[in-house]
Amino acid sequence: MSTHAIHIAIVGAAGRMGTQLLEEAAKLDALKVSAAIVAPQSEHVGQPLGPQGLIATSDLDAITDVDVIIDFSSPAACVQVAEHAAGAGIAMVSGTTGLSAEQHQALVVASGSIPLILAANFSVGVNLLEHLVELASRGFGGDADIEIFEAHHRRKVDAPSGTALMLGHAAARGRDWNLEEVATWAREGHTGPRPDDAIGFQVLRGADIVGEHTVYLCAAGERLELTHRATDRAIFARGALRAARWLAGKPAGRYQMRDLLFGDA
Ligand code: NAD
């Protein structure tokens with residue numbers, strides 16, 4: 001075990017997740033937050049943030065002598081950060097969701113030169129759920145209609161959630177389907193009967209819901225519901241910090257939470 005504290009920079013440090021990350025990191029001796037990066041237009045630029053009282057900056061060049069960058073910001077910022085991290089040879093953990101295919105590809109390119117974890121959900125429970133969903137989908141086979149429900153707070157800007165998509169991919173893998181070919185993103189009006197080869201998504205937005213996901217496997221005469229409820233977003237922050245510690249010093253490449261949790265890298 002290393003005695004050297006892992007130095008991290010947090011991008012999106014003034015956001016909901018950034019705030020949690022600063023608080024959770026302050027509880028860990030093994031981690032030291034060296035830079036807090038906020039958006040250029042943020043009122044927090046030049047102000048102290050978190051229990052560490054770090055002076056927030058929007059300048060990515062302020063990230064020096066850092067082992068890992070943790071990013072919970074926006075898709076556009078996430079790509080900028082990945083390019084910066086790749087250029088500087090710094091490992092990156094990103095939880096940002098809602099990336100387009102091109103933005104996602106930019107992160108894949110970055111992972112050619114740095115170790116990178118991109119996870120739509122850093123909770124242990126959701127990563128276990130992903131496995132259970134694939135298993136259940138494969139077990140029911142063609143006997144079950146699969147539908148995915150997710151609920152989040154009213155300020156979430158992307159839908160369905162990155163986690164719902166991750167669970168959709170797991171369900172699709174269980175049927176040897178490609179999610180893009182079978183996803184039903186919305187239903188309205190005269191939709192006709194439900195096709196067999198479909199995975200439906202339903203989305204709720206309200207108040208302060210941290211995050212709920214249920215995968216329904218509806219067979220004739222029985223229904224399996226696999227649910228995860230997050231009640232505290234500290235779980236995501238703790239998972240991302242654990243990922244940062246695990247990732248520091250790894251060879252370049254794209255890693256997943258399941259590599260960390262189940263060791264099947
Ligand atoms: P938020 O809106 O509260 O915070 C995002 C912050 O990023 C804001 O403060 C914003 O000003 C900042 N930002 C935007 N551009 C920036 C830039 N160029 N440089 C630095 N900062 C910049 O949102 P949030 O709830 O904290 O979520 C952030 C992201 O993380 C979202 O994509 C969300 O879906 C995702 N998320 C992922 C997980 C997970 O476990 N993977 C959990 C929760 C949220």
Side-chain angles (χ1 to χ4, degrees), residues 8-25 33 35-47 49-50 54-63 69-85 92-100 103-104 106-107 116-130 150-167 203 205 207-213 228-244 247 255-258 260-261:
I8 59 172
I10 296 175
V11 180
R16 282 179 291 270
M17 280 304 302
T19 303
Q20 286 288 342
L21 284 159
L22 287 168
E23 281 177 17
E24 293 298 321
V33 187
I37 311 296
V38 298
Q41 69 277 15
S42 171
E43 65 196 22
H44 297 280
V45 171
Q47 301 297 316
L49 274 186
L54 272 173
I55 301 300
T57 173
S58 63
D59 182 6
L60 291 179
D61 288 329
I63 302 176
I69 299 176
I70 304 184
D71 159 80
F72 280 80
S73 57
S74 71
C78 170
V79 170
Q80 279 180 356
V81 172
E83 287 167 355
H84 182 90
M92 178 170 172
V93 171
S94 181
T96 300
T97 65
L99 274 65
S100 67
Q103 289 167 328
H104 193 266
L107 268 70
L116 187 147
I117 289 190
L118 173 67
N121 195 306
F122 278 98
S123 95
V124 173
V126 159
N127 284 280
L128 291 171
L129 178 62
E130 183 189 21
E150 63 105 331
H152 281 87
H153 53 87
R154 69 200 315 279
R155 295 202 292 169
K156 184 163 179 62
V157 294
D158 53 315
S161 68
T163 303
L165 296 175
M166 166 183 159
L167 296 173
V203 174
R205 291 287 175 265
D208 59 352
I209 300 169
V210 174
E212 299 189 10
H213 294 86
H228 179 268
R229 292 194 181 91
T231 53
D232 184 348
R233 63 171 51 81
I235 57 169
F236 309 126
R238 286 197 289 266
L241 293 169
R242 185 173 161 190
L247 196 64
Y255 297 90
Q256 313 211 35
M257 275 302 277
R258 65 167 167 262
L260 181 164
L261 293 173

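Order of listing sets the numbers, starting from 1, for every ligand and every atom in it. Count residues from 1 along the sequence.
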Please walk me through it: do Leu60 and Glu83 pass side-chain contact (heavy atoms from CB on, under 4.5 Å)? CA-CA 11 Å; Leu60 291 179; Glu83 287 167 355; over 6 Å; no
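The closest side-chain heavy-atom distance from Met92 to Leu118 is not below 4.5 Å.
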Could you tell me, for ligand 1, which of its N or O atoms are under 3.5 Å from any protein N or O, listing the pairs and their distances rounded to 0.1 Å?
from     : atom 1 : to     : atom 2 : distance (Å)
ligand 1 : 3 (O)  : Arg16  : N      : 2.8
ligand 1 : 9 (O)  : Gly15  : N      : 3.4
ligand 1 : 21 (N) : Ala39  : N      : 3.3
ligand 1 : 25 (O) : Arg16  : NE     : 3.0
ligand 1 : 25 (O) : Arg16  : NH2    : 3.4
ligand 1 : 26 (O) : Arg16  : N      : 3.3
ligand 1 : 26 (O) : Met17  : N      : 2.8
ligand 1 : 32 (O) : Thr97  : N      : 3.0
ligand 1 : 32 (O) : Thr97  : OG1    : 3.3
ligand 1 : 34 (O) : Thr97  : OG1    : 2.7
ligand 1 : 34 (O) : Lys156 : NZ     : 3.1
ligand 1 : 40 (O) : Phe122 : N      : 2.9
ligand 1 : 41 (N) : Gly95  : O      : 3.2
ligand 1 : 41 (N) : Ala119 : O      : 2.9
ligand 1 : 41 (N) : Ala120 : O      : 3.0
ligand 1 : 41 (N) : Asn121 : N      : 3.4

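Partners of Asp59 by side chain to side chain contact (heavy atoms under 4.5 Å, CB included), not counting sequence neighbours, listed by chain and number: Thr57, Asp61. Scored by the side chain to side chain donor-acceptor pair (under 3.5 Å) test, Ser100 finds Gln103 as partners (sequence neighbours excluded). When the ring-ring contact (aromatic ring centres under 6.0 Å, His included) test is applied to Phe72, the partners found at least two apart in sequence or on another chain are Phe122.
When atom types are taken as modelled, the side chain of His104 and the backbone of Leu107 share no donor-acceptor pair closer than 3.5 angstrom.
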